[in-house]
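Below is one structure, written out as structure tokens; comments come after it.
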Amino acid sequence: MNTTMLKTTNLTKIFRTDEVETTALNKVSFQIKTGEFVAIMGPSGCGKSTLLNILGLLDNPSEGDYFFLDQEVSKFTEKMRANLRKRNIGFVFQNFNLIDELNVYENVELPLIYLGMSSSERKKRVEATLEQMQIMHRRKHFPLQLSGGQQQRVAVARAVVANPHLILADEPTGNLDSSHGEEVMNLLAQLNQQGTTIIMVTHSQHDAEYSQRIIRLFDGQIVNENIRIPKPEIPTQG
Amino acid sequence: MFISFVISSFRSLTRQKTYLLINLAGLSVGIAAFILIMLYVTHERGHDKHFDNRHNMFRVVEVQNEPGVGNQHVAITMGPLAEELKHSFPQVKKATRVMPAYFVASVEYGDKLLREENMMVADPDFIEMFSVKFLRGNPSLVLKEPNTMVVSEDFAEKYFGTADKAYNNTIMLDGEGYKIDGVFENQTKQAHIYFEAIISMSSIENMPGFEWMRRWGSNSFVTYLLLDNPRDAEIIEAAFPKFIEDKIFSQDEGWQFLEMYLQPFDDIYLGSQHIKFQMVSGIGDAKVLLIFDIIAILILLIACVNYINISLARSVKQAREVGMRKVLGADRMSLVYRFISESFVITLLAILFAIGILEFILPELNKMLNTDFRIDFSDPSFMFGLFLLLLVISLISGSYPAFYLSRFQPVSVLKGGIKTHGKTGILSKSLIVFQFAISIGLIFSILMINDQMKYIKQKDLGINYDQSMFLFFGDDDYRKLDVLKKELMENPAIKNVAGSSFMNGVSGSQGAIYVDDSAQTRLTVRFGFVEPEFFDAMGIKMVEGRNFNPDIQSDHGGVVILNESAIKELGWKDIRDKRLVNAFSPDTTVNPKVIGVIRDYHYYNLKSLIEPAAYFYVPENFRGVTIKYSAQEKKEKIEDFIQTKWNDLYPKTPYQSITSEKYLYDSYESDLKMRTLFVAFAIISMFLSSLGLYGLTSLLIEQKTKIIGIKKVLGSSVSSIVLSLIKEYMYLVGLAGIIAIPVSAIFIQRFLDNYPYRVDINVLNIVIALTAALVIAFITIIFKAGSTANSNPLEALKYE
């Protein structure tokens, strides 16, 4: 339980346009252990999403080191990142980012296709995940036919279907009303209990309380890293 | 993975039906037009390819410079030339003369009496040179003896039932027996020379009226040579000046200027527009084919660009999907495959639609153009072509969107659609300018060609062909001309019957006349043999002097009427006391008096200038009668009446007539049909580029959705938004015009240069073309931008 999931040293990200140079992340160093549930908080523009993108191997840092599962990945090419990403990381976004042209089942199946899994294996895994997320009855529906909460469940299903070590959630409840938000947070907490490491960017103090640790960012730097005791009771699904 | 791509492409396509429809419509119409043009040009370029010796064969072309007609290239040559060339140049392996057997009016066997149009006379070498394959008879023995001939299988079956019965049998040509020494395989019409029967040259050598064959003064044969090596042509051509000096000028046949060259056989069909008197069954035009090639490629290019435009327009919506797939582990190549496979599927569909369109229009088109174009799936080269088309189009149209879309970084697209960075902006604007430039150029060209066609149709030819037809005489039929006239005129619907060379008044042959002056001034003219009624009946005006009078004995060949061009060429002010040196009078001491001048009229089409012409009243030389009939009576009824009378009067001459409609079609309309086809293709290209403009405008506007939303929130009205878009387009259209107008003007001028009688480039057409382009733009903008601008600004903003 105490192995290191990821570790950053002096992680810096600078965005350059023709005239302006913006430092989005400034020498950020921290580490996250396997099985942790960490919330990243901070005001708009503090670099939360930039950090999440780098942690999620969607982007490379300008400087600094990033160890993911003991591998230094900050100089990885896009292809290498994609390869590592699809095996180990699941994403949940604020605006769900489901593919409108694919139905629920096909959306959840997608990561398994990219892993090259056989179709019978895929069927087993997708159905199990849909059952777990309690959206099996919606499997033939298209995203636009679902409520926001249901869409986010599908997105969570898609994020976990490949059994990733790490789930990155970017404001997962940002587009949901409070009761749907609660549902999604419970789902994440449950996954964490089952051993999945979760890093979540959020504005919501309420959501952050589900985590064990909050990293606060301001102007691209970590200002506070307080370890929290997890909520005592986690309601079970159903 | 592939299936998932196909599913999502299919669903996204069916969801965005407008785009799918535009894409499919554009591509299938484009592909159909492309295939059609390719069928046509391949057919044209495929002429003469079945002649095995074609790379070693040449046609002798003369360059003459005659007073009255100037410099002219002619494909007819003198009777002794072929033999003399064979004799003088060891490089010439074989040589043959060819001439249509125009002198044979009737072919008869048993109860069959017909007139044949595809008979010719040739030397024995012809058979081997033109790779004629024999079913009966020995090819090396045929065409040697007088009164022998060889015929095609169809010809044999028509008269004898079978090739076997025809072989060694005798058939009557104008009442004289000809032995059939051989039956050859039917020939294809995809050639500049087409024949169903060949009469031996020796048959006519001793016929009365063919004495000119042995002299160097008359040109009537096409001469073909077969060389050992095609490079020898240069050696022979280099020796021509001396050959002409020694063999031709020495004969004192009136030549003042003559050059000769060898035209490669392969160039004959497509490269002979500048040559007169070809005596061929058909001729093409390499220039027209080139124009068609360009149009075909342009159409395909426009269709592909449209596809790209529309894909880019859709990309705004697809960006998020691309980003998400990348997050989930898709690598770039798999996304490239996805978009290329999407374009592959759409192109395949478009090709199927295109074939459907073609199956539908080809029968109509074949009827219109008198062609036999077919889609032949059993032809491996056609199938290969289709496959190549599929590959090329899907790659061209699929790869740009594929690489463009697959480049999207998930980080940038997942949060808020694609950023329209400068590069795409410039690209889509250049594509718009490209599309507009093509539209403007095409509209302008269509208008100019239309003007020219209208001009040709409306231009007064100086001769009135309405309700007229021509009946062809056989040998000596002129003797019963008076009876024929009397019997035909019994029908009140027949207004006029006049013996003549042809319904245009001239015989087609060119020759010299000499003025009876101290210098014996020479003028090359077209000869016409007509009865006095002819001029009046055809609306040809007399501008000076008098018409022929059959009652005056000396008018029979002893007087001449000239056209204005001849008078002008001779530099005469009037015709008082003007005479020619004897030409057609039986009394050789008579020098024909010039008795009249007729107004110039176009006896050929408007592609040639009016040459000097001389008309004589010599009934023996009438090749038939021109008939004018009433517009009130039904043409079929009149023809029935004429045919009955004809058959009674001339039982041995098969009835053959040509209506003015057919004649005019042959000389003008086929050309106009070609132009019509061109205009049709131009309109298709325009339609396609309008579709493309719609796609592009959509792209630009979708990229502007956010700006429009912000502007509306800030209080801007719909009309001011649309107005600002229109202003932006005005610049693009202007730029397109600056590019398109000079290019198409050069192109159009070259087209017009083909016509001696032509319209000038009209500035109004430029204005119309530019306005039309603007109108297309406005309609698209108002249609597309109007709906975007009218929508709730929140929709637009939320989208980002």
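Within every chain, numbering begins at 1; the chains are lettered A, B, ... in the order of the sequence lines, protein sequences first and strands thereafter.
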Side-chain heavy-atom pair A:Ile99, B:Arg325 within 4.5 angstrom cut-off: yes
Greater than 12 external heavy atoms within 6.0 Å of B:Met333's CE: yes
Residue part contacting chain B, namely of A:Leu98, when any heavy atom lies under 4.5 Å: backbone
A:His141, NE2 atom: more than 12 neighbouring heavy atoms under 6.0 Å: yes
Euclidean distance, A:Phe96 CZ relative to B:Met324 CE, rounded to 0.5 Å: 13.0 Å
Part of A:Asn83 lying under 4.5 Å from any heavy atom of chain B: neither
A:Glu78 portion near chain B, given a 4.5 angstrom heavy-atom threshold: side chain
Most contacts with chain B, counted as non-hydrogen pairs under 4.5 angstrom, among A:Asp100, A:Leu115, A:Asp59: A:Asp100
Nearest-0.5 Å distance, CG of residue B:Leu328 to CZ of residue A:Arg158: 5.0 Å
Within 6.0 Å of CZ in A:Phe142, more than 12 heavy atoms from elsewhere: yes
